[in-house]
Structures are given as C-alpha cells and as structure tokens.
Amino acid sequence: MLLYNSQTRKKEEFIPISPGKLKLYACGPTVYNYFHIGNARAFLFFDVVRRFFQYRGYEVTYVQNITDIDDKIIAQAQEEEVSYKTVADKYARAFLEDTAALGITAPDVQPRATDVVPEITAYIEKLVQHGYAYEAGGDVYFDTTSLPSYGSLSGKKTEEQLVGARVAENPYKRNPTDFTLWKHSKPGEPVWPSPWGEGRPGWHTECVVMSQMYLGETFDIHGGGSDLIFPHHENELAQATALSGKPLANYWMHNGFLNIEGEKMSKSLKNFFTARDILKDYDAETIRFFFLSKHYRSPIDFNRELIDESRKALGNFYAALGVVDFLENRDAKPDLEPGNAEILRALEADFITAMEDDFNTARAIAVLFELSHKAKLDSNSSQLRLGAAQLMVRLGSVLGFFSDLDERLGSRMPDLSKSLIELIISYRAEARANKDWAASDKFRNDLARLGIELKDTPEGCSWTIKEQK
RNA sequence: GGCGACAUAGCCAAGUGGUAAGGCAGAGGUCUGCAAAAUCUCCAUCCCCGGUUCAAAUCCGGGUGUCGCCUCCA
C-alpha cells in the first residue's frame, strides 16, 4: 500500500502502527453554514479511504471533528440574528444530514469542540508550562520560534513568512507566525472559563486535542483539504511535537481543490455551491463518481456537463446489473470454469493494485467498467456474466457505489405495481404480434412518461425504472 | 517575494524507461416494425526546445502556459 505523504512529498509504503489496524483522522466542518461541494470532495475521499482499508481487512477507527467554536459561527449568528448555539446546532445537524445523503458512512467518533474545552485548556496550560506558549493581552499564543522543526510539514521557514507581509500586525505576537491558542472574549461572545480568563479556544488546538484523545499521541493518517496544510495542520503538528516529541501522524494526506468552471469557488464570484443544492439536481452516486473519476490530489473542475457525463457513465453499471437480473441472482453462486474464475481474480487484483497505489480511483473505476463489459457481453457464459456483475458490485461498494440496489433497480416497488407493468407489457406484446405498431408505441410511450423504460431483447421485453433526477 | 502542482485525442482522465487504460461524445456495420439496449469496428505518439539512453509521455536542463497555497478556508 503506497500513500503520498504530504510531509515528505513522496509516496511511501504504508506501515500501520498496529498491524491490521488503521487510526484515521480527517478534519471535519466548521458549522457556520451548509458545507460546499468542495468540502464534499474531502469528506467523500476519506470515506473511500476508510472503506478501502476495511475491505482489506483493517479494523478502522475514523475520527472526524465538528468545529462548533469559531469566529465564523459568531459572525453568522449575528447575520442570522440568532444565538451562537442556534447557528452551530443548525449547521451541525445539516452537516450530518448532507453527508448521510451523500452516502458517507458516519465516522466512528465525531467529537465537537464544545465537548472538550476543559481538555483544550489543559493542553494549552501544558504548552505554557513548557515554554512553548505565552500569554499576551488576554490571549495565549504559540511561540513558533520555540520549536526548531516548525514548518516541516508545509515546507515554510519562519523567516520567509516575514517577506510575505500578508499577516496582519498583532502587537501582542512575539513573531508574525505565532498563532492563537486561546482568545479572550469580547462582549456578547460565547465564553468558557480558563486560567487566562473567559474566552474560547483557537481552532488549531481543538483538532489536535480531539485527535489525540481518541487516537493516541501518534496515529496513522491525518487528512484534510490541501489548504489545511498551512497553517492548520502545521500548527496542530507544532503543538503535538512540542508536548510529546513524537509525530502527530505518520502519514499526512491532502486532497486537491475544486474549481467551478475553471475559477476558484468563492462567494464573491457567485459560483458557490453547497452540497445540499447540488444534491437537488444530482444523485449522490453521480457526485461520487464524478469525484472519484479523477485522482484525489489533482485539482478538479466542477461543471454541469462533466457531471452529466458522470451520470451517463454510472448508468452503464446499472445497465449491466439489469442485463443479468442482478436482484434475482445477487446471492446465486456462479459456477465458474477455472479460466473464468481466473479472469475475475485478475480483475480484482487490478482493482487492489490501483487502489493501493495512492488511491488511484480512476484506474479502479476502469476495472469496474471492464467488469460491466464482461457482465453485458452476450458471448460470455451466463455464469461469467453473473460473476462479473457480482464482483462489480462488491468492488464498487468499496468506492461507495451500489448502496441501494433495491431502490435503484426497482424491487422495492410493490408487487401489485410490478404486476400491472407486466400486464401492460403483455398487452403491448399482443399488439406487436398483430403488427399494431401504433398501439405498441402508445403503451411504450405512456410507460416512458411514468419513468418506465422498455427494452426489447431477444429474450423478451425488459423494463427498468429510469433515474428520476 | 517564498513554496508547490499541473500540461496526454472534441471533452473528462489513467499511465514515472520498452513503443498510449477507461469513460463521454462522434463515425460506420450487425440486430430491430420503430426506438432503446446490446454487439463489432474506427478515432492521440503525449505543450515547445535541447540532453541522457539501445529505448522516454515517462529521467535531466531550459522555455511557454494554467492553477493552488503563503489570510478564515476542504
């Protein structure tokens, strides 16, 4: 298993801390608004990381924080003219709803910053005691010059930061790169007690505390979007290194950004899409396919034409399932000739190889297409076709596809409805036998209007429910 | 100013030394009452210029172009 480690900027062989176990932490949302489609990419990707390790037999512990203390939440509360807590609760709930709608399995632990404030203040106290942090003007800052290794994750040296000069002047900071651990409160802001007076913790400390609480001093993978490398992850690492002298995570993984029509997504350009909005137009698996069809570290351009393409491509998988009557045969054990069994084994190996090469999901999807092709090919034995379809579903599930075959393939439809459809099809067959094409086409068109698509095959007429969206 | 990424067919996208996966779109054939589906066939020499090598999309150097981070941000 090769992973690209952002810290070393190389692909490295993955060696778990405990054999057969994966401890994974990925940064979750700050709940000040509905999360956008770019966030969705990160959440989806780490969902796939988790799924793949599980498929490979790992016992995975996946922790994702919910940041519910933050300046942006305070600002949003003022804008909506409601309480701070109302905003945090509202968007935390929306986050859970929308990730579930995207087919993302909930992490094993989803701690909230507000639940761990005492632990955070204790952590900051230790940093102060050991000389890595100092109080100034009611705030507490981390002294970046106290840690020689500061900058090792992002490759930034503290001296160079002075040149950039984009950091706002703060008279209390000893060094421009020092970052806030604790902020004193202004009137009307939510507060928690601390040795430095009432205030609230900074973002960087929340994450390091929550990750170590549930995963230990050092865990396997820490992930998030590439913009988090600096300063967020750099600062988490600095705090952890200061206190433990050990790495926070052995591997740092960061997904690439998403552009909208070739431009950076931003509210001012009005090209800002929430996942919630996109889910109104596209189903979750189409969005998932769209993201996974490109490597996770590459930037990706989001536009409707490309997602329409993804939808069509994904439809091929379902077409293959329809061809082999998958629902009726999903549990059947195909009786494969040795040669055919070997073909399927080789394809599964290809899939694993692709995924073990730093999560090459694009190549993994190509394997699914090969399986789909095998399932559809008339000249293949019915046993091979079924076996290919079953493998396609099994491997596709690792990527998060095929989550609701019953719904998608229509077997949840009440038997009465099914019987009615079959009845209409039998009338149409009668009309066709009498070469009454007008009647035949009317039956087909009327059913099509209801979203039921008929296909005449050599074995008779089959029907599928067309995707609604 | 510092750091980094990317450049493959009309579009999307794999591919880090041995002569270009896959998807979408397109063209033609088969099948079909028609449609759809299915199936068969076709469709690139990898931004430019040098270099290394028996051999490079793949390594090195130099260009050009696009993008990101350095400030809250997935």
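Just so we're on the same page: letters track the sequence lines, and every chain starts at 1.
One cannot find a donor-acceptor pair under 3.5 Å joining the base of B:rG23 and the side-chain atoms of A:Ser310. Not a single donor-acceptor pair, N or O on each side, falls under 3.5 Å between the base of B:rC34 and the side chain of A:Asn445. The base of B:rA35 sits with one of its N or O atoms less than 3.5 Å from a complementary donor or acceptor on the side chain of A:Arg444. Scanning atom types as modelled, one donor and one acceptor separated by under 3.5 angstrom connect the side chain of A:His36 and the base of B:rA74. Judged by distance alone with a 3.5 Å cut-off, no donor-acceptor contact links the side chain of A:Asp441 to the base of B:rA35.
Among B:rC69, B:rG15, B:rG22, the nucleotide with an atom closest to any side-chain atom of A:Phe369 is B:rG22. Which of B:rA74, B:rC12, B:rG33 sits closest to the side chain of A:Met265 comes down to B:rA74. Minimum atom distance to the side chain of A:Asp456 is reached by B:rC34, of the listed B:rU39, B:rA21, B:rC34. With B:rC24, B:rA74, B:rA21 as the candidates, the nucleotide lying closest to the side chain of A:Lys312 is B:rC24. Looking at the side chain of A:Ala313, the nearest of the listed nucleotides B:rC69, B:rG33, B:rG23 is B:rG23. Of the listed nucleotides (B:rG15, B:rA14, B:rA74), B:rA14 has the atom at the smallest distance from the side chain of A:His295. The side chain of A:Leu306 has B:rC11 as its nearest neighbour among B:rC11, B:rG33, B:rC40.
Nucleic acid contact for A:Leu258: base, since at least one base atom lies under 4.0 Å from a heavy atom of the residue. At the heavy-atom level, A:Arg385 lies nowhere under 4.0 Å from the strands shown.
Contact annotation: the side chain of A:Arg41 never approaches that of A:Phe257 to less than 4.5 Å [non-hydrogen atoms, C-beta and beyond]. Using a 4.5 Å cut-off on side-chain heavy atoms (C-beta onward), A:Leu399 and A:Met355 make contact.
Figure legend. B:rG65 is base-paired to B:rC6; pairs are counted as Watson-Crick or G-U wobble with both atom distances under 3.5 Å. Pairing partner, B:rC59: B:rG51, with both Watson-Crick or wobble hydrogen-bond distances short of 3.5 Å. Across all strands shown, B:rG1 forms a Watson-Crick or G-U wobble pair, both distances under 3.5 Å, with B:rC70. A 3.5 Å limit on both hydrogen-bonding distances identifies no Watson-Crick or G-U partner for B:rG17. Base pairing of B:rU32 is not made with any nucleotide, judged by Watson-Crick or G-U wobble geometry with both donor-acceptor distances under 3.5 Å. Nucleotide B:rA27 has B:rU41 as its partner under the Watson-Crick or G-U criteria, with both atom distances under 3.5 Å.
For the pair A:Ile229 CD1 and B:rA5 C1', the interatomic distance rounds to 11 Å; values are reported in whole Å. If you take CZ of A:Arg432 and C1' of B:rU32, they are 8 Å apart, rounded to a whole angstrom. To the nearest angstrom, C1' of B:rA25 lies 16 Å from CZ of A:Arg311. One interatomic measurement links the two molecules: OH of A:Tyr318 to P of B:rA37, which rounds to 19 Å at whole-angstrom precision. Distance, A:Arg363 CZ to B:rA14 C1': 7 Å, rounded to whole Å. Between the C1' atom of B:rU66 and the CG atom of A:Asn259 lies a distance of 10 Å, rounded to the nearest Å. Distance, A:Leu228 CG to B:rA74 P: 6 Å, rounded to whole Å. A:Leu102 has its CG atom 13 Å from the C1' atom of B:rA74, to the nearest Å.
Of the side-chain N and O atoms in A:Arg9, one or more sit less than 4.0 angstrom from OP1 or OP2 of B:rG4. Between A:Asn316 and the phosphate of B:rG23, there is no side-chain N or O to OP1/OP2 separation shorter than 4.0 Å. The phosphate of B:rA38 has OP1 or OP2 within less than 4.0 Å of a side-chain N or O from A:Lys376.
Atom C1' of B:rA27 sits at a distance of 32 Å from the matching atom of B:rU58, rounded to the whole Å. Taking the P atoms as reference points, B:rA38 lies 33 Å from B:rC47, given to the whole Å.
Between the side chain of A:Asn5 and the backbone N or O of A:Gln7, at least one donor-acceptor pair lies under 3.5 Å. Judged by distance alone, with hydrogens and angles left aside, the side-chain atoms of A:Asp68 form no donor-acceptor pair with the main-chain N or O of A:Val31 at under 3.5 Å.
Separation of the A:His254 and A:His233 ring centroids falls under the 6.0 Å cut-off.
For A:Phe290 and A:Lys435, each mapped to the nucleotide of RNA chain B holding its nearest heavy atom, the one lying further toward the 5' end belongs to A:Phe290.
A:Asp220 and A:Tyr25 are not linked by any side-chain donor-acceptor pair at a separation below 3.5 angstrom, with hydrogens and angles left out of the test.
Considering A:Ile104, A:Asp108, A:Leu22 in turn, A:Asp108 is the only one that fulfils the side chain to side chain contact (heavy atoms under 4.5 Å, CB included) rule with A:Arg50.
Between A:Asp436 and A:Arg428 there is no salt bridge, since none of the side-chain N atoms of the basic residue sits less than 4.0 Å from a carboxylate O of the acidic one.
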